[in-house]
Amino acid sequence: MKPACRLFLTIIFILHGGYSVAAEEQKTDIELLYTKHCSECHGADRLGAMGPALLPQNLKRLKKRAAVSVIEHGSPATQMPAFHDKLGRVEIQSLVEYIYTPLERIPQWGMEQMHASHVVYHQPSDLPDKPLFSADLQNLFIVVELADHHATLLDGDTFIPIHRFPTRFALHGGPKYSNNGRYVFFASRDGWISKFDIYNLKYVAEIRAGINTRNIAVSSDGRYVMVANYLPHTLTVLDGRDLAPLRVIPVTDSSGRSSRVSAVYAAEPRNSFIVALKDIAEVWEIGYSKLVPASSTPFAIRRIKAESYLDDFFLNQDYNLIIGTSRNGNSQVVNLDSGRVIRKLELPGMPHLGSGITWQYQGRSVLATPNMKEGVVSIIDMTTWKIIKRIDTLGPGFFMRSHENSPYAWVDVFFGPDSDAMHVIDKSTLKIVKTLRPAPGKVSAHVEFTRDGSRALLSIWDKEGALIVYDSRTLKELKRIPMRKPSGKYNVHNKLTRSSGTSH
Ligand code: DHE
């Protein structure tokens with residue numbers, strides 16, 4: 001640069017006030033800090049990726065002081081690590097200020113953007129109705145492998161992989177099957193929804209239905225896919241046949257305040273979707289057929305007042321009760337028929353009700369839930385809503401599973417020094433009868449049973465991981481199949497029949 005130019009720029013700098021330029025440099029430093037430590041999980045633009053979007057409108061429930069603590073110490077039950085040994089107090093404070101600063105522009109994600117992202121690879125009617133392989137179609141598993149973003153279709157009798165295929169980046173939540181199990185629907189954290197034809201081993205269609213997405217639900221008749229989003233604050237309805245976008249439902253209360261969606265589930269017996277909200281104390285029931293009580297218009301919203309937000313919830317086997325909990329420890333039972341909260345529950349720590357399961361114990365239905373903050377499984381009587389047993393475990397757990405034909409319930413110890421352990425609980429005595437450590441030093445998690453309940457499949461959550469098949473009665477290992485961080489596995493029959501031992 002010529003000296004005259006430099007002098008000219010210096011004068012401009014002084015005229016505009018050196019301070020604002022310094023502030024600009026400061027902002028750049030913060031951006032660099034964010035890029036270095038946060039962007040890989042939360043997105044370069046703060047719109048979310050593996051981790052949630054970091055924008056003031058999505059952080060409404062988190063006070064700045066609490067945000068400092070999350071960055072310092074990590075967040076329980078998430079992949080958020082602690083940064084106290086990498087970042088100083090001032091750096092953490094400035095990151096907090098940064099993430100609470102509104103973006104100049106949040107991208108729109110409505111019908112136009114969805115249409116632009118929509119791809120139909122095959123018209124469903126163009127593909128043959130006969131599977132390309134031979135296997136018991138109700139005893140197939142889809143295994144999601146997070147390490148390299150793939151999924152494996154597994155034969156549930158031979159335990160031989162039938163097909164391995166790439167998925168979108170960072171799938172989250174259970175894939176959902178169409179009513180006969182031919183199709184499976186996936187959702188990624190960055191909003192991509194994919195429909196895969198299991199018979200023909202091909203993707204049928206894909207669409208980006210949100211910027212930062214939670215999960216999906218598929219109506220029992222397969223006509224609709226409902227997508228729950230963190231960003232924007234919407235639910236989107238897709239056509240179950242080819243994923244064409246049908247409707248965007250803004251998620252707001254009567255005063256116009258908007259909310260992230262915690263999760264959506266299909267309540268088959270009610271012909272409706274049940275929706276939990278993160279920033280509004282309401283549960284929504286959205287009917288998709290004229291049979292829905294209190295609504296004759298498809299997608300009309302029935303608002304049920306809740307005691308507090310619902311971050312996580314469980315639906316009972318009859319689909320008339322929700323047992324929900326918020327991260328601040330408020331648990332409640334909501335009756336969907338009367339539209340009322342019928343009970344407040346005193347549950348310790350942070351129960352993971354989404355992973356709750358039920359069984360018959362001494363003539364009554366009990367709900368068992370792992371806990372993401374404390375090493376405990378709570379057993380709750382579903383008539384009196386009292387905790388009848390507290391089963392102490394080696395540490396907080398994530399997933400719990402059983403099967404109608406199995407005497408045992410399996411619960412992992414996902415967090416802490418014993419994360420390689422898996423407890424097996426006798427459902428008739430409510431006692432831990434065995435603790436397995438199938439791969440010492442590696443996380444063992446997420447069990448799912450075969451269709452008949454005779455085998456239990458466990459994940460070794462590691463890049464060089466495995467799926468381990470156990471005899472579910474003798475608890476003997478039968479087979480080990482190498483897999484790349486198999487996060488979850490989903491049996492067609494158990495999902496479609498809504499087994500009481502698995503998530504729905
Ligand atoms: Fe999940 C399911 C929410 C963190 C792996 N998780 C779900 C569902 C919800 C949920 C609402 C049910 C969706 C469905 O199946 O339709 N998960 C949350 C959180 O709020 C939380 C605590 C924080 C977050 O980051 O979103 C969280 N979840 C994680 C993880 O860190 C896990 C372990 C790794 C990952 O993939 O990000 C994880 N979640 C899973 C899995 C399921 C799941 C494997 C499906 C379980 C099943 O068997 O159905």
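Note that these values count all heavy atoms, side chains included, but never hydrogens, waters or copies made by symmetry. The first residue of the sequence shown is numbered 1, and numbering continues consecutively from there.
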Worked check of side chain to side chain contact (heavy atoms under 4.5 Å, CB included) between Y224 and D239 = CA-CA 5 Å; Y224 305 112; D239 189 315; over 6 Å; no

Apply side chain to side chain contact (heavy atoms under 4.5 Å, CB included) to S487 and W461, showing your working.
-> CA-CA 6 Å; S487 62; W461 267 57; 3.5 Å; yes

Hey, mind stepping through K386 and D381 against salt bridge (charged side-chain N to carboxylate O under 4.0 Å, His left out) and telling me if it holds?
-> CA-CA 6 Å; K386 295 233 160 31; D381 182 319; over 6 Å; no

Determine, stepwise, if the pair L467 / S459 fulfils side chain to side chain contact (heavy atoms under 4.5 Å, CB included).
-> CA-CA 5 Å; L467 205 69; S459 289; 4.0 Å; yes

Under the side chain to side chain donor-acceptor pair (under 3.5 Å) criterion, do T502 and N494 qualify, and how do the steps go?
-> CA-CA 7 Å; T502 192; N494 294 345; over 6 Å; no

Can I391 and H423 be said to form a side chain to side chain contact (heavy atoms under 4.5 Å, CB included), step by step?
-> CA-CA 11 Å; I391 305 172; H423 294 302; over 6 Å; no

Evaluate the criterion side chain to side chain donor-acceptor pair (under 3.5 Å) for residue pair Q317 and S500; output intermediate values, then yes/no.
-> CA-CA 7 Å; Q317 286 296 105; S500 62; 4.9 Å; no

Can S503 and K495 be said to form a side chain to side chain donor-acceptor pair (under 3.5 Å), step by step?
-> CA-CA 7 Å; S503 61; K495 293 296 171 194; 3.0 Å; yes

Let me see the working for N229 and T234 under side chain to side chain donor-acceptor pair (under 3.5 Å), right down to the final yes or no.
-> CA-CA 6 Å; N229 290 322; T234 57; 3.1 Å; yes

Go through the steps to decide whether Y98 and Y34 satisfy the test ring pair (Phe, Tyr, Trp, His ring centres under 6.0 Å), and finish with yes or no.
-> CA-CA 9 Å; Y98 179 59; Y34 176 87; 5.5 Å; yes

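Put simply, the side chain of Y309 never gets that close to the backbone of A276: no donor and acceptor are under 3.5 Å apart. A donor-acceptor pair under 3.5 Å is absent between the side-chain atoms of H118 and the main chain of A116, judged by distance alone. Listed for the Q332 side chain is a donor-acceptor partner under 3.5 Å among the backbone atoms of E307. Of the possible polar contacts, one joining the K176 side chain to the G174 backbone as a donor-acceptor pair under 3.5 Å is found. At least one donor-acceptor pair under 3.5 Å links the side chain of N316 to the backbone N or O of L321.
Seen from the ring of Y230, R214 counts as a face-on cation partner, given the 6.0 Å and 45° thresholds. R302 forms no cation-pi arrangement with W284, by the criterion of a distance under 6.0 Å to the ring centre and an angle within 45° of the ring axis. Geometric assessment of R168 against the ring of W192 yields a positive cation-pi assignment under the 6.0 Å and 45° thresholds. Cation-pi contact between K64 and Y100: present, with separation from the ring centre below 6.0 Å and deviation from the ring axis of at most 45°.
In this structure, D420 does not pair ionically with K442, as no charged nitrogen and carboxylate oxygen lie closer than 4.0 Å. A salt bridge links R437 with D418: at least one charged nitrogen is closer than 4.0 Å to a carboxylate oxygen. Ionic pairing of K278 and D311 is present here: one or more N-O contacts between side-chain nitrogen and carboxylate oxygen are shorter than 4.0 angstrom. Note on K489 versus E448: no salt bridge recorded, every NZ/NE/NH1/NH2 to OD/OE distance being 4.0 Å or above. Note on E91 versus K36: no salt bridge recorded, every NZ/NE/NH1/NH2 to OD/OE distance being 4.0 Å or above.
Between the CG atom in L315 and the CG atom in N320 there is a gap of 9.5 Å [rounded to 0.5 Å]. Atom NE2 in H73 sits 7.0 Å away from atom NE2 in H84 (nearest 0.5 Å). Atom CG of L367 and atom CG of L353 lie 6.5 Å apart (nearest 0.5 Å). We find the NE2-CG distance between H149 and L146 to be 7.0 Å, quoted to the nearest 0.5 Å. Atoms CG and CG, on D190 and L47 in that order, are 11.0 Å from each other to the nearest 0.5 Å. Taking OG1 of T35 as the reference point, atom CD1 of I30 lies at 11.5 Å (rounded to 0.5 Å).
The heavy-atom pair separating T252 from I280 by the smallest distance is C-CD1, 3.7 Å. Nearest heavy atoms, S254 versus R303: N-NH1, 4.3 Å. Among all heavy-atom pairs drawn from L243 and A205, the shortest one is CD1-O, 3.3 Å. The two residues R401 and S355 come nearest to each other via the heavy atoms NH1-OG, 3.9 Å. Taking every heavy atom of both residues into account, H42 and G51 meet most closely at ND1-C, 3.7 Å. Closest of all the heavy-atom pairs between P351 and D312 is O-OD2, 3.5 Å.
Residue E72 places its CD atom among more than 12 non-hydrogen atoms of other residues, nucleotides or ligands, all under 6.0 Å distant.
With a 4.5 Å cut-off on side-chain heavy atoms, I71 and V96 count as touching. Residues Q113 and P245 have side chains not in contact (no heavy-atom distance under 4.5 Å, counting atoms from C-beta outward). Side-chain contact check for I304 versus E282: every heavy-atom pair is 4.5 Å or farther apart. Residues D412 and S444 form no side-chain contact, since every pair of their non-hydrogen atoms from C-beta on lies 4.5 Å or further apart. Residues T369 and I380 have side chains in contact (heavy-atom distance under 4.5 Å, counting atoms from C-beta outward). With contacts defined as side-chain heavy-atom distances shorter than 4.5 Å, the pair E145/K485 does not qualify. Annotation: side chain of D462 is not in contact with side chain of V443 (no heavy-atom distance under 4.5 Å). Looking at R247 and T236, their side chains never come closer than 4.5 Å, going by heavy atoms from C-beta outward.
Just one of Y319, F313, F273 meets the ring-ring contact (aromatic ring centres under 6.0 Å, His included) condition when paired with Y265; it is F313. When each of V334, I286, I322 is paired with I274, the side-chain contact (heavy atoms from CB on, under 4.5 Å) condition holds for I322 and for no other.
Ring centroid separation for the pair F299 and Y288 does not come in under the 6.0 Å cut-off. Between H446 and F398, the ring centre distance reaches or exceeds 6.0 Å. Between F165 and F196, the gap from one ring centroid to the other is short of 6.0 Å.
F186 pairs by the ring pair (Phe, Tyr, Trp, His ring centres under 6.0 Å) definition with nothing, not counting sequence neighbours.
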Identify every side-chain donor-acceptor pair in residues 336-350 under 3.5 Å, counting partners at least two apart or on other chains, and give the distances.
unit_1: D337; atom_1: OD1; unit_2: R270; atom_2: NH1; d: 2.9
unit_1: D337; atom_1: OD1; unit_2: R270; atom_2: NH2; d: 3.3
unit_1: S338; atom_1: OG; unit_2: R340; atom_2: N; d: 3.4
unit_1: R343; atom_1: NH2; unit_2: T384; atom_2: O; d: 3.4

